[in-house]
Every structure is written in structure tokens, then in C-alpha cells.
Amino acid sequence: MPRVVDPLRRSWTGVSFRWRPFTLVLAGAALLALVFLLLPILAIFLEIAPAEIGRQLGTDFVVDALIVTARANGIAFAVTLLVGTPAGYFLATRRFPGRTLLITLCELPLVLPPVVAGIGLLAAFGRVGLLGGTFDALGISIGFTNLAVTFAVLLVAGPYYLRQAIAAFEAVDPNLVAAARTLGAGPGRAFRRVALPLAMTGLSAGAALAFARGIGEFGATLMFAGSFQGETQTFTLAIYQAFDVDFDLALALGALLVLVSAAILLGVKLLGSWRSAPALGGVRGR
């Protein structure tokens with residue numbers, strides 16, 4: 001039997017051999033980028049001993065920042081999933097006048113400077129803002145409270161999930177959803193049993209990115225919530241404060257955030273290699 005050679009592989013092999021100087025230029029550029037991007041991260045762990053990291057992270061200052069960060073981001077993350085998932089499905093599967101404009105407005109916080117987002121939150125929900133009087137009448141104070149931290153995280157991190165949710169649902173074959181409907185499933189059941197599982201990989205990636213962005217939020221939180229230990233001081237705000245008084249503490253906090261970010265990124269990569277395909281059996285009924 002004659003040997004079969006993949007023409008695409010042969011073509012790229014030939015190009016790689018023929019233009020070897022160009023390949024070296026590409027490899028050099030990749031190496032330069034890698035060194036520049038990783039050197040500041042490695043420097044954090046090289047500048048402080050692991051034992052010192054553990055000692056610094058056991059202080060009340062760090063524990064308070066962890067509690068504030070976990071509480072605000074946990075609430076914001078839950079709200080993002082509960083609201084962003086159906087909103088993303090609606091925007092991905094419905095066509096109506098002004099849809100592009102609406103999606104663009106939802107994405108606008110992605111490109112806003114965080115400080116501008118914080119000023120906007122103050123203008124909307126501060127005591128003298130558009131809705132400040134309404135919340136005061138209800139006995140609810142938002143600005144410079146832990147609730148303000150949650151609002152800031154929602155504004156800056158929520159669009160990351162919503163954008164990814166729209167893309168994930170747009171990638172779902174509408175014929176599969178239509179097939180579920182022909183088997184007797186209502187729109188809600190078709191969403192839960194077909195569209196949602198098929199889009200889960202993209203949704204999980206968006207959720208991880210939004211969660212990571214929320215943990216790293218700084219500017220909007222500082223403007224709208226302030227930095228009060230045990231109340232509104234998140235992990236990133238704690239790093240900012242520690243930088244002026246204890247650089248080792250700032251390094252320890254930074255090292256912890258690097259580890260958390262790396263874990264989230266690894267999770268996204270693992271989810272990206274996982275695929276699931278729901279069966280249409282079991283979608284009958286309403």
C-alpha cells in the first residue's frame with residue numbers, strides 16, 4: 001500500500017524548513033513576550049519566602065480583606081449567573097430592532113475606566129445620586145458599604161459573563177433546540193435540557209473570567225465603597241494600603257492573588273477541553 005502523506009503537513013513542514021530565519025524571529029518574539037509577562041509574576045515569589053507568606057496571611061488585616069472579598073464577590077457572582085444566563089440567551093436567540101445597540105451598551109462597562117464606573121455608581125446610587133433618595137426612604141444605604149462593593153463588582157465583572165453567554169448560546173445549533181420543541185418540550189424545558197448543557201463550556205469560561213475580574217476589581221470599589229477595613233476593604237485595596245506601610249505584606253497578598261488567578265485560568269483551560277452533548281431523549285413534556 002502506498003504511503004499517504006498529509007499535504008497540509010508537508011506544506012507547513014516545507015515552509016518551516018525553507019524559511020528557518022523567519023521561524024527563529026517568531027520564536028524569539030514569543031520568548032521575549034513570555035519572559036516579559038512572567039518575570040514580574042516570578043519576582044513576587046522570589047522576593048518573599050514561602051514561610052513569610054504564610055505568616056503574613058494569618059493577620060487580622062488579611063483575614064478581614066478575605067471575608068469582605070469573598071462576601072461581596074459571592075453575592076455578585078450568584079446574581080451574575082442568575083440574571084446573565086437568561087439575559088444572554090435572550091440576546092443570543094432573539095432578533096429585534098436595536099439588538100446590536102443593546103448588546104453594545106451591555107458591553108460598554110468592559111471598556112470604561114474603573115474610576116469612571118465608580119463615579120457612575122455614585123451618581124446613580126449615592127446619597128445625592130439619581131436613586132439615592134429612593135433608597136434612603138426605604139432605609140437602605142448603598143454608598144461606602146459592603147453592598148457598594150457588590151455593586152461595583154457587578155458593574156465591572158458582570159459584562160464579561162454576559163458577553164461570553166451571548167457567544168456561547170449563539171454557537172448552539174438552533175436545530176437541536178427546535179428538535180426538542182418538536183418532541184413536546186416547552187421553551188423553558190428546551191433551554192434547560194438542550195441549550196444550557198450545550199453552552200455550558202462557554203458559560204463556565206465566562207463565569208471564571210467574571211469571577212477573576214471581580215476579585216481583582218479596584219478602581220470602581222475605591223470610588224464607590226471606599227477602603228474601610230472589615231467593611232469595604234477588599235483584597236486588592238488591602239494590597240494598595242499595605243504597599244505604603246509593609247511591602248512584604250503587599251508581596252504576600254499579591255502572591256495569593258497570583259495563585260488564585262492561576263487556578264482560575266487552569267480551570268478555564270480544563271473546561272475548554274471538555275465537551276458535552278445532551279441527548280434529546282427526556283425532553284418530552286412541558
Side-chain angles (χ1 to χ4, degrees), residues 65-93 102-118 120-121 124-125 142 146-172 191-192 195-225 232 234-239 253-254 256-274 276:
L66 277 173
I67 293 174
V68 172
T69 302
R71 182 172 55 199
N73 280 271
I75 297 173
F77 187 67
V79 173
T80 296
L81 295 184
L82 291 175
V83 177
T85 303
Y89 185 68
F90 174 78
L91 293 173
T93 59
L102 181 58
I103 293 177
T104 301
L105 292 176
C106 291
E107 295 173 342
L108 185 58
L110 293 174
V111 297
L112 278 181
V115 174
V116 175
L121 287 169
F125 302 106
I142 298 179
N146 189 257
L147 187 58
V149 182
T150 303
F151 274 47
V153 173
L154 279 171
L155 181 61
V156 300
Y160 283 86
Y161 178 76
L162 181 58
R163 177 62 263 179
Q164 185 63 29
I166 295 173
F169 285 123
E170 285 180 336
V172 173
F191 166 73
R192 295 192 308 271
L196 191 59
L198 283 174
M200 188 55 67
T201 300
L203 294 176
S204 299
L209 292 174
F211 185 71
R213 178 63 184 88
I215 291 178
E217 160 51 27
F218 176 82
T221 303
L222 184 62
M223 294 293 295
F224 186 48
T232 66
T234 61
F235 223 72
T236 50
L237 293 175
I239 293 175
L253 294 172
L256 181 59
L257 278 188
V258 169
L259 294 176
V260 171
S261 301
I264 294 173
L265 183 59
L266 179 61
V268 171
K269 296 297 183 182
L270 293 176
L271 287 170
S273 62
W274 173 77
S276 64

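These figures come from a predicted structure and were not determined experimentally.
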If you round to the nearest 0.5 Å, how far is [atom2] of [Y] from [atom1] of [X]?
X: F235; Y: L66; atom1: CZ; atom2: CG; result: 4.5 Å
X: R71; Y: T69; atom1: CZ; atom2: OG1; result: 9.5 Å
X: L147; Y: F125; atom1: CG; atom2: CZ; result: 9.5 Å
X: L108; Y: I103; atom1: CG; atom2: CD1; result: 14.0 Å
X: L91; Y: R163; atom1: CG; atom2: CZ; result: 9.0 Å
X: Y161; Y: S204; atom1: OH; atom2: OG; result: 8.0 Å

Can you see which heavy atom on [X] is nearest to which on [Y], and at what distance?
X: G214; Y: A157; answer: N-CB, 3.8 Å
X: L162; Y: G84; answer: CD1-O, 3.7 Å
X: A92; Y: E170; answer: CB-CG, 3.6 Å
X: Q164; Y: G202; answer: CG-O, 2.9 Å
X: A65; Y: A238; answer: CB-CB, 3.9 Å
X: G118; Y: M223; answer: CA-CB, 3.8 Å

For L209, all residues meeting side-chain contact (heavy atoms from CB on, under 4.5 Å), sequence neighbours excluded: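 Once residues adjacent in sequence are excluded, L209 has no partner under the side-chain contact (heavy atoms from CB on, under 4.5 Å) criterion.
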Considering only heavy atoms from C-beta outward, does the side chain of [X] approach that of [Y] to under 4.5 Å?
X: T85; Y: F191; result: yes
X: V156; Y: T221; result: no
X: T234; Y: F218; result: no
X: L196; Y: F169; result: yes
X: I142; Y: F224; result: yes

Could you point out which residue of T80, T150, V153 forms a side chain to side chain contact (heavy atoms under 4.5 Å, CB included) with N73?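 By the side chain to side chain contact (heavy atoms under 4.5 Å, CB included) criterion, N73 pairs with just one of T80, T150, V153: V153.
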Test L121 against every option in L155, V116, L154 by the side chain to side chain contact (heavy atoms under 4.5 Å, CB included) rule and name the one that passes.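 It is L155; the other options fail the test.
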